[in-house]
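As C-alpha cells, the structure follows; a few thoughts come after it.
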Amino acid sequence: MASTRTDAPASDGKPAAEMPAQAAQGRLAASLKDAAVAAFLAGVLGFFFIGLRTDIEPGGLEITMRWTAWVVSILIVFGGRLALNLFVFRAQRPATGIVGAGLSGMGEALPGLGKWLMRGLFVFALVLPFFFMAAFPGKDRQFIDLAILILTYVMLGWGLNIVVGLAGLLDLGYVAFYAVGAYSFALLSQYFGFGFWMALPLAGILAAFWGIILGFPVLRLRGDYLAIVTLAFGEIIRVVLLNWYEFTGGPDGISGIPRPTFFGLEFSRGDDGFAAFFGLDYSPIHRFVYLYYIILALALITNVVTIRLRKLPIGRAWEALREDEIACRSLGINTRNTKLTAFSIGAMFGGFAGSFFATRQGFISPESFTFLESAIILAIVVLGGLGSQIGVVIAAIVTIGGIEMLRNLGFLTQIFGPGFDPVQYRMLIFGLAMVFIMVWKPRGLVSTREPSAVLKEKKRIGADMVAQGEGH
Amino acid sequence: MVAAAGKEAPTGGASARWESDPILSVEHLTMRFGGLVAVGDLSFNAGRGDITALIGPNGAGKTTVFNCVTGFYKPTEGRIVMRHGPGRQAETVEEVTNSGLRWKKEGDKGIFLLERMPDHEIAHRAKVARTFQNIRLFGGMTALENLLVAQHNPLVVASGFTVGGIFGLPSYRKAEQAAIEKAVYWLERTRLIDRADDPAADLPYGAQRRLEIARAMCTDPQLLCLDEPAAGLNPRESAELNELLKFIRDEHGTSVLLIEHDMGVVMEISDHIVVLDYGVKISDGDAETVRNDPNVIAAYLGVEEEEEIDIPEVLEDVSAAAGKAGTGKGGKA
Ligand SMILES: Nc1ncnc2c1ncn2[C@@H]1O[C@H](COP(=O)(O)OP(=O)(O)O)[C@@H](O)[C@H]1O
Ligand SMILES: [Mg+2]
C-alpha cells in the first residue's frame with residue numbers, strides 16, 4: 001500500500017488560482033478512495049482474525065461472531081488511513097515534516113542548551129530527595145523510588161553507550177552484565193557474607209571479565225551476526241542462572257541481600273542504626289534517600305569516566321573503530337583489544353548498576369534480566385542519540401518515567417471500565433513511541449557529535465556524517 | 001641512478017639504491033584467490049629514500065601487493081622483508097627467517113617479516129603506513145581528530161594505558177599537546193589547517209586524499225604506501241601532490257611506494273618503477289628504462305583506458321574513438 005505515497009498530486013500546469021481548490025478536492029477524493037480500499041482489506045483480513053472467535057467446548061470448537069469488534073476495527077483503519085492520507089501522505093506540508101522540523105530544531109538547540117540543561121539537571125538531581133520530601137510529603141517515597149529507578153537506567157544507558165554509541169558495536173545482550181553484577185553481589189553475600197561496598201568493586205570486575213569473555217567470540221562478527229550472537233549471550237546467562245538451581249536458587253532467586261550501610265551504620269530502627277546515631281527520628285525514607293545518593297554517585301562516576309575516556313586515545317580509537325575498522329588497523333590500532341576494552345568497560349558499569357539493583361531490591365531472580373530489559377536500555381541509548389550523554393538522560397526520564405506514569409492513570413478505568421489496566425498497554429505505547437521517534441528523528445534526540453579535540457573553533461558534527469558502526 | 005640493463009634481471013647496476021639499500025624486499029610473492037593468481041612469483045625491491053612506483057593496467061594485482069605488504073592479506077607464498085637501518089642486513093634476515101620469529105629489532109636496526117605479522121603490527125612496529133584506493137577516512141571525526149587517531153599508540157603509552165589519562169596526569173596532557181602540534185604541522189603541509197575542525201566527510205575530494213596522506217604520515221612511517229593518490233585529482237592538485245611526495249621523501253627521509261595510473265606523476269617523481277601485468281613483473285628500473293621497455297609499451301597498448309596511456313598519438317586515437325562511441329568521455333584536456 002506504500003505505493004500510494006508516490007502518486008501524490010503534482011502540479012500539472014493548471015492556472016495558479018484554480019490549483020489549490022482543485023488540488024484539495026482531488027486530494028480528498030483520492031484519500032477517501034485509498035482509505036476505503038484499506039478499510040476493505042482490513043475487513044477481509046480481519047474477518048477471521050477479529051470477527052470470529054473460537055472457544056473450546058465439550059463437543060468441539062464453538063464459534064462466536066464478534067461483529068462489533070470487526071466493524072470497529074474497519075472504522076479505525078478507515079479513519080486512520082484517511083487521516084494519514086490527508087495530513088501526511090498527500091498533504092502539501094506533511095504533518096510529520098512539521099513535527100520532525102520542530103523536533104530537530106529541538107535537537108539542534110539541545111547541544112547548545114545541553115551545557116545549561118546538564119547543569120540544571122545536575123543541581124536538581126542533587127536536591128531531588130529533599131525537594132520531593134518538602135513538596136509531596138505523602139508520596140515522597142514513591143517519587144524517590146522512581147528517581148532511583150530512572151537513575152539506574154541512566155547509568156545502564158551510559159554504560160551501553162560506550163559499546164553501542166562510541167565503539168559502534170550493537171550489543172543486544174547488555175542485560176547479561178547487569179545480571180552478572182547483581183548475582184555477583186547476591187552470591188558473594190550469600191556464600192561469603194560480603195557487604196554492598198565490598199562486593200561493588202568485585203561485581204564490576206566480574207562483569208568486566210565476562211564482558212571480555214563474551215567479547216572474544218564476537219570480535220570477528222559484523223552487522224546482524226554481532227547483534228544476534230550478543231542477544232544469544234544475554235539469554236544464555238539468564239538460562240544458566242535459571243537452571244543452576246543448587247548455586248543460584250534458579251527461579252526462586254536469592255533473597256535477603258544485605259542493604260547498603262552508611263560507614264557501617266545500618267538503616268534500622270535499633271539503637272545502633274543510622275537514625276539513632278545521628279539523633280534523628282527513625283524513618284524508612286532515610287534508606288531511600290541514601291540509595292538515591294548512591295545511584296546518583298555511581299551514575300555520575302559513569303558519566304565523568306565516559307566523558308574523559310572520549311578524550312583519551314582509547315575513546316578516540318573506539319569512535320574511529322565505529323567509523324572505519326580497516327583504516328584503524330592501517331594506523332596500527334589493535335582492533336581486538338580496542339573492542340574488548342569497550343565491551344569490558346561497558347560491562348563493568350552494567351555490573352555496578354546490577355549490584356546496586358540487588359541491594360535496592362533485596363531480592364533478585366532471573367526474571368529481572370530478560371531480553372526486554374536489554375531492549376529498553378538499548379532503546380534509551382538509541383532514542384537519546386548514539387553517543388550523546390544528555391540524550392540518554394532525557395530518553396531515560398521519558399521512557400522509564402513514561403512507563404511508570406501509566407501506572408498512575410487510574411482515572412482511565414472510569415472510561416474503559418474496571419477491567420482496564422493501562423500498564424498492560426505500556427509496551428504497545430512504548431513501541432508506538434519508538435516508531436514515531438525513529439520515523440521523525442532516526443538518529444535520536446541529540447544526533448550531532450561533539451568533537452573530542454578542537455584546534456580553533458568547536459563545530460558540532462551532523463549525524464549524516466557520523467557512521468553508526470556494526471549491526472545498525 | 002644508472003639506466004637499468006634489462007627486463008629479466010632486476011637491474012644489475014651496483015649503484016642502484018634499491019639493490020644495495022632496499023627498505024622493502026618482496027621475494028617470490030604469490031597470492032591466489034581460489035583459482036585466480038592475482039600475483040604470481042613477484043620479486044622487487046624498494047630503495048630506502050626512494051619513491052618507488054608500482055604501475056600496471058587495471059586488475060594487474062597492484063592493490064593486492066599492497067594488501068600483502070601491509071598485512072591485510074596473508075600471501076599464499078613468499079617473503080616480504082622490511083628493513084630499518086641501512087644495508088641489506090642479509091645475515092639478520094636469514095636469522096629471523098629461520099628462527100620463526102616475526103621480527104627482530106636492535107636499536108635503530110630492525111628486520112620485519114611482514115608476511116608473518118598482523119596488519120596493525122605492521123603499521124605499529126614495522127612502521128609501514130598506507131592509504132587506500134577508495135579513501136578511508138573517519139568521516140564523522142574532524143580532520144584534527146583523524147590525525148590524533150593516527151598517533152594512537154604513542155598516546156596510549158603516554159596516557160598510562162588510559163588509567164593515568166582518566167586521572168588527568170600532566171604528562172599525558174603534554175603528550176597530547178605534542179600530538180596536536182604534530183597534527184597541525186601536517187595540516188599545514190597539506191593545506192588543510194583551515195579545515196582542521198571540520199568533519200573529514202565534509203572536505204572536498206582532493207582534500208580528503210591529502211588528509212589521508214597526512215594521517216598516514218602522523219604514524220611516523222619509514223615506508224609510506226599510497227594506492228592511487230592522484231586518482232580523481234585535477235592537474236593543479238596533481239602537481240601539488242608531486243610536491244608533497246617530494247617533500248615527504250626529501251625532508252622526512254620517508255620512502256614511498258606508490259601505485260599510480262597518472263604517468264605524469266609517475267615519470268616525474270619516481271626514482272624506480274616496477275611494472276606489473278596479470279600479477280607478473282614485466283619491467284623494473286628507472287623511468288627511462290621502463291619508458292623504453294617494449295614489454296611495457298605492448299602491455300599498455302593492449303589497454304583501452306586513456307589515463308593509462310602516455311603516448312600522445314595513442315591518446316588522441318583513444319579519445320577520438322570514445323567521442324565517436326558517444327560516451328562523451330574526452331581526453332585528458
Ligand atoms: N579479495 C579478493 N578476492 C578475490 N579476488 C580478488 C581479491 N582482491 C583482488 N582480487 C582479484 O585480483 C586481481 C588483482 O586485483 P587488484 O590487485 O585490485 O588490481 P589493481 O592492479 O587494479 O589494483 C583482480 O582480478 C581482482 O579481481
Ligand atoms: Mg587497485
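Labels below follow one simple rule: chain letters A, B, ... track the order of the sequence lines, proteins then strands, and each chain is numbered from 1.
The number of heavy-atom neighbours closer than 6.0 Å to NZ of A/Lys311, taken from other residues, nucleotides and ligands shown, is 12 or below. The neighbour count for B/Lys74 NZ, taken as heavy atoms of other residues, nucleotides or ligands under 6.0 Å away, is above 12. The number of heavy atoms from other shown groups lying within 6.0 Å of CG (B/Asn134) is above 12. In A/Tyr225, the OH atom is not crowded: 12 or fewer heavy atoms of neighbouring residues, nucleotides or ligands sit closer than 6.0 Å.
Among the candidates B/Ala201, B/Ala179, B/Pro199, the residue making the largest number of heavy-atom pairs closer than 4.5 Å to chain A is B/Pro199. For the options A/Thr341, A/Asn334, A/Val304, heavy-atom pairs under 4.5 Å to chain B are most numerous at A/Asn334. Most heavy-atom pairs under 4.5 Å with chain A: of the set B/Ala123, B/Ala129, B/Gly140, this distinction falls to B/Gly140.
Both the backbone and the side chain of B/Ala150 come within less than 4.5 Å of a heavy atom in chain A. For a residue to count as touching a neighbouring chain, one of its non-hydrogen atoms must lie under 4.5 Å from one of that chain's; by this rule B/Asn153 touches chain A with the side chain only. With a 4.5 Å cut-off on non-hydrogen atoms, B/Thr219 touches chain A through its side chain but not through its backbone. Contact annotation for A/Val454: both backbone and side-chain heavy atoms come within less than 4.5 Å of a heavy atom of chain B. For chain A, the nearby parts of B/Arg215 are the backbone and the side chain; heavy atoms of each come within less than 4.5 Å.
The shortest side-chain heavy-atom distance between A/Ile333 and B/His152 falls under the 4.5 Å cut-off. No side-chain heavy atom of B/Leu137 sits less than 4.5 Å from a side-chain heavy atom of A/Asp324. Counting heavy atoms from C-beta on, the side chains of A/Arg329 and B/Phe72 come closer than 4.5 Å. The closest side-chain heavy-atom distance from A/Pro451 to B/Met141 is not below 4.5 Å.
Here the OH atom belonging to B/Tyr172 is positioned 5.0 Å from the CG atom belonging to A/Leu312, to the nearest 0.5 angstrom. To the nearest 0.5 Å, atom CD1 of residue B/Ile122 and atom OG of residue A/Ser330 are 11.5 Å apart. To the nearest 0.5 Å, atoms CG (A/Leu331) and CZ (B/Arg136) are separated by 11.5 Å. Atoms OG1 and CD1, on B/Thr70 and A/Ile326 in that order, are 10.5 Å from each other to the nearest 0.5 Å.
Residues B/Asp197 and A/Ala453 approach most closely at OD1-O, 4.3 Å, considering heavy atoms. Of all the heavy atoms in B/Phe138 and A/Ala327, the pair that sits closest is CE2-CB, 3.7 Å.
Salt-bridge check for B/Glu176 with A/Arg316: passed, with a basic side-chain N closer than 4.0 Å to an acidic carboxylate O.
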